[in-house]
Peer 1: 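Right, I'll just put the structure down here and ask away after.
Side-chain atoms are counted along with the backbone in the values below, which use heavy atoms only and exclude waters and symmetry mates. Just follow the structure's listing: the first ligand is 1, and inside any ligand the first atom is 1.
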Amino acid sequence: MYRTHNCGELKLRDKGKEVKLSGWVHKSRDLGGMTFIDLRDRYGKTQLVFNMETDSVLCSKARKLGREYVVRVKGIVEERSNKNPKMSTGDIEIIVTGLDILNRSELPPFTLEEETDGGDELRMKYRYLDLRREPVKQNILHRHRFAQEVRKYLDGQGFLEIETPVLIKSTPEGARDFVVPSREHPGDFYALPQSPQTFKQLLMVSGFDKYFQVVKCFRDEDLRADRQPEFTQVDCEMSFVEQDDVLVTFEGLAKHLFTTLKGIDMKESFLRLPYERAMAEYGTDKPDLRFGMKIRELSPIVKGKGFNVFDNADYTGGIVAPGCASFSRKELDKLTDFVRKPQVGAKGLVYVKCNEDGTFKSSVDKFFGQDDLKQWADEMSAGKGDLLLILAGEMAGTLSALSELRLEMGNRLDLRDPEKFSALWVVDFPLLEWDEDAGRYFAMHHPFTSPRDEDLELLEKDPGRVRANAYDLVINGVEIGGGSIRIHDAAIQERMFRALGFSDEEARSQFGFLLDAFKYGAPPHGGVAFGFDRWVSVFAGSETIRDFIAFPKNNAGRDVMINSPSTISEEQLKELGLQIIKHNQS
Ligand code: ASP
């Protein structure tokens with residue numbers, strides 16, 4: 001027998017018991033005639049005591065144990081004189097009477113403590129050791145609890161967990177597909193699902209009116225920070241529902257998770273913010289509503305004073321940073337540098353300080369008098385002591401820069417507390433998005449999203465104005481998930497494909513199976529998918545999804561532990577009928 005208890009459970013009530021424990025040697029200290037070892041397993045740590053005086057053979061053996069050796073000990077539970085309230089077993093220790101070495105360990109390449117001296121790449125190479133560290137282990141436990149609560153809630157609501165295939169066919173969902181060559185059918189390829197979208201819709205046609213799946217999805221996207229080529233979705237679909245039914249059901253899921261995992265009781269209904277307002281007031285479709293600082297447009301009142309930047313801009317707008325009129329020259333210069341960063345993209349920053357004495361000081365005093373500046377401050381509801389930060393330029397770019405500036409000010413003013421949560425739905429997304437380079441419309445969500453009934457007639461006349469029955473769940477400025485009511489009518493689906501520039505033949509060859517299925521009584525349906533990794537990390541107050549995935553890829557999409565992706569043998573290539581063409585890497 002390896003253990004009667006685990007390393008995290010023995011308490012004072014167990015005093016006097018003879019126990020067996022197995023685990024890893026976390027740390028060892030020799031103090032005079034005594035040797036203390038912290039024995040660790042998944043559940044915690046327990047202090048082992050060896051005494052040179054009472055058993056010198058055993059104590060000498062213990063002194064030779066290296067870090068991360070795997071051992072089994074037998075001993076008696078004793079009350080500790082030096083209690084450690086930080087450890088769950090801190091009231092007791094084990095007076096060891098027997099010790100077996102189950103396995104030796106080389107010295108790990110980095111320390112396996114809360115804080116480690118191992119760099120990112122090294123920790124990824126030895127991820128199985130990194131997972132022994134307490135904070136990383138806690139992340140994995142948190143993810144597990146999260147998944148269980150998701151299942152509990154959805155099962156309780158009558159949802160069925162149904163698996164869908166991983167080797168499928170390419171579907172245009174916005175990203176590039178990962179493909180898998182078929183050996184049996186040389187020249188043919190499977191694609192890995194970007195999401196189970198079409199399958200869950202087919203399940204609705206089959207009559208499984210509430211479906212969910214915690215499922216791996218694959219997207220071959222350029223790897224921006226903290227993206228993973230494979231990630232997990234909580235994918236859901238329902239039949240005989242309207243948008244409101246879906247939002248209510250999954251708001252229920254979100255609230256269940258807030259209560260059970262964060263201890264937060266969210267009584268109020270989540271705000272439903274139309275896309276247009278989100279863009280106008282926050283410059284983004286995923287606003288962080290933990291703080292206000294809404295964007296205000298100033299275009300109509302700032303033109304005509306000879307300041308070219310405003311006169312030539314198609315949009316001018318700003319935010320009010322409360323209590324920041326005292327910012328120094330240096331702080332303002334730093335903010336100017338911030339908005340000029342390529343990822344923010346503004347050319348410059350105009351500021352107005354609303355001084356305590358009722359006067360104004362701005363970076364454009366040459367062009368605008370006190371009355372002008374007062375008018376701006378009034379328009380933006382700014383008060384004494386506030387600072388106006390104003391950007392101008394082309395509309396979409398300026399709004400996006402204002403959004404970044406707003407978040408930056410939120411950070412500086414400590415308004416983005418990771419333990420505070422704000423959740424909302426963004427609704428009424430446009431159905432289509434014009435792509436200048438491709439010269440055609442793309443589906444903003446995906447091609448199966450239904451247009452709003454009242455906008456349907458615009459689908460051919462003015463496609464850009466059609467709104468969709470689509471929605472996103474946003475928590476703390478992070479898009480947690482999105483979905484839509486689907487098209488369930490083959491004729492409307494065909495019109496949608498046409499609006500997207502598919503010929504009827506192309507639509508048939510790619511989606512014939514779905515169009516066919518819709519001929520056999522497809523129920524009205526809709527659903528949503530949540531980015532599971534992202535949601536788990538937001539709840540843990542972290543910005544990195546990698547920390548919550550047991551075996552993640554690095555920022556270059558590589559698994560440095562197993563060394564993947566990697567080449568395959570000539571023989572495998574031949575079998576698959578593939579030939580590698582080397583591109584010159586420049
Ligand atoms: N399949 C969609 C996605 O992955 C979500 C949905 O519409 O349900 O974004």
Peer 1: Any side-chain donor paired with an acceptor under 3.5 Å for Gln213 and Thr164?
Peer 2: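 Indeed, the side chains of Gln213 and Thr164 share at least one donor-acceptor pair under 3.5 Å.
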
Peer 1: With backbone taken as N, CA, C and O and side chain as the heavy atoms from C-beta onward, which portion of Glu479 lies under 4.0 Å from ligand 1: side chain, backbone, both, or neither?
Peer 2: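 Looking at Glu479 and ligand 1, no heavy atom falls under 4.0 Å.
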
Peer 1: Could you tell me if Arg486 sits above the aromatic ring of Phe518, with its cationic atom closer than 6.0 Å to the ring centre and no more than 45 degrees from the axis?
Peer 2: no

Peer 1: With backbone taken as N, CA, C and O and side chain as the heavy atoms from C-beta onward, which portion of Ser195 lies under 4.0 Å from ligand 1: side chain, backbone, both, or neither?
Peer 2: side chain

Peer 1: Heavy-atom pairs closer than 4.0 Å: do any link ligand 1 to the side chain of Glu237, the backbone, both, or neither?
Peer 2: neither

Peer 1: Would you mind listing which atoms of ligand 1 come within a distance below 4.0 Å of any non-hydrogen atom of Val528?
Peer 2: 8 (O)

Peer 1: Mark up the atoms of ligand 1 that fall under 4.0 Å of a heavy atom belonging to Gly483, in ascending order.
Peer 2: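 Here the atoms of ligand 1 in question are 6 (C), 7 (O).
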
Peer 1: Is there a donor-acceptor pair closer than 3.5 Å between any side-chain N or O of Thr544 and the backbone N or O of Arg546?
Peer 2: no

Peer 1: Below the 3.5 angstrom mark, is there an N/O of Ser484, backbone or side chain, next to an N/O of ligand 1?
Peer 2: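 There is no such contact.
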
Peer 1: Taking C-beta and beyond as the side chain, do Pro552 and Met124 meet within less than 4.5 Å on heavy atoms?
Peer 2: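 Side-chain contact under 4.5 Å: yes.
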
Peer 1: Between Lys137 and Arg42 (side chain of the first, backbone of the second, donor and acceptor by atom type, cut-off under 3.5 Å), is there such a pair?
Peer 2: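 Here the side-chain-to-backbone pair exists.
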
Peer 1: What closest approach, in Å, do Leu247 and Val427 show between heavy atoms, and which atom pair accounts for it?
Peer 2: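 In terms of heavy atoms, the two residues are closest at CD1-CG1, 4.2 Å.
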
Peer 1: Within a distance under 4.0 Å of any heavy atom of Gln233, pick out the atoms of ligand 1 and give their elements.
Peer 2: 3 (C), 4 (O)

Peer 1: Any atoms of ligand 1 less than 4.0 Å from a non-hydrogen atom of His445? List them with their elements.
Peer 2: 6 (C), 7 (O)

Peer 1: Work out whether the distance between some heavy atom of Gln201 and some atom of ligand 1 is less than 4.0 Å.
Peer 2: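 Contact absent.
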
Peer 1: May I ask you to list the atoms of ligand 1 that are less than 4.0 angstrom from any heavy atom of Arg486?
Peer 2: 6 (C), 7 (O), 8 (O)

Peer 1: Can the ring centres of Phe511 and Phe448 be said to be less than 6.0 Å apart?
Peer 2: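 So the answer is yes for these two rings.
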
Peer 1: If the cut-off is 4.0 Å to any non-hydrogen atom of Arg219, which atoms of ligand 1 fall inside it?
Peer 2: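 Those qualifying, in numeric order: 3 (C), 4 (O).
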
Peer 1: Less than 4.0 Å is my threshold; does some heavy atom of Gln194 fall inside it relative to ligand 1?
Peer 2: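 Contact absent.
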
Peer 1: Decide yes or no for Phe429 and Asp472: does some side-chain heavy atom of the first lie under 4.5 Å from some side-chain heavy atom of the second?
Peer 2: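 Contact flag for Phe429/Asp472 side chains = yes.
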
Peer 1: Once the angle between the rings of Phe539 and Phe258 is folded into 0 to 90°, is it parallel (under 30°), tilted (30 to 60°) or perpendicular (over 60°)?
Peer 2: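 The arrangement is tilted - the two ring planes meet at 30° to 60°.
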
Peer 1: Check whether any side-chain N or O of Asn476 sits under 3.5 Å from a backbone N or O of Ser422 as a donor-acceptor pair, and report yes or no.
Peer 2: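 Pair found, side chain donor or acceptor close to backbone of Ser422.
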
Peer 1: What atoms of ligand 1 come closer than 4.0 angstrom to any heavy atom of Ala529?
Peer 2: 5 (C), 8 (O)

Peer 1: Any heavy atom of Lys200 sitting closer than 4.0 Å to ligand 1?
Peer 2: yes

Peer 1: Going by the closest heavy atom to atom 5 (C) of ligand 1, which one wins out of Ala470, Gly482, Gly526?
Peer 2: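 Comparing heavy atoms across Ala470, Gly482, Gly526, the nearest one to atom 5 (C) of ligand 1 lies in Gly482.
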
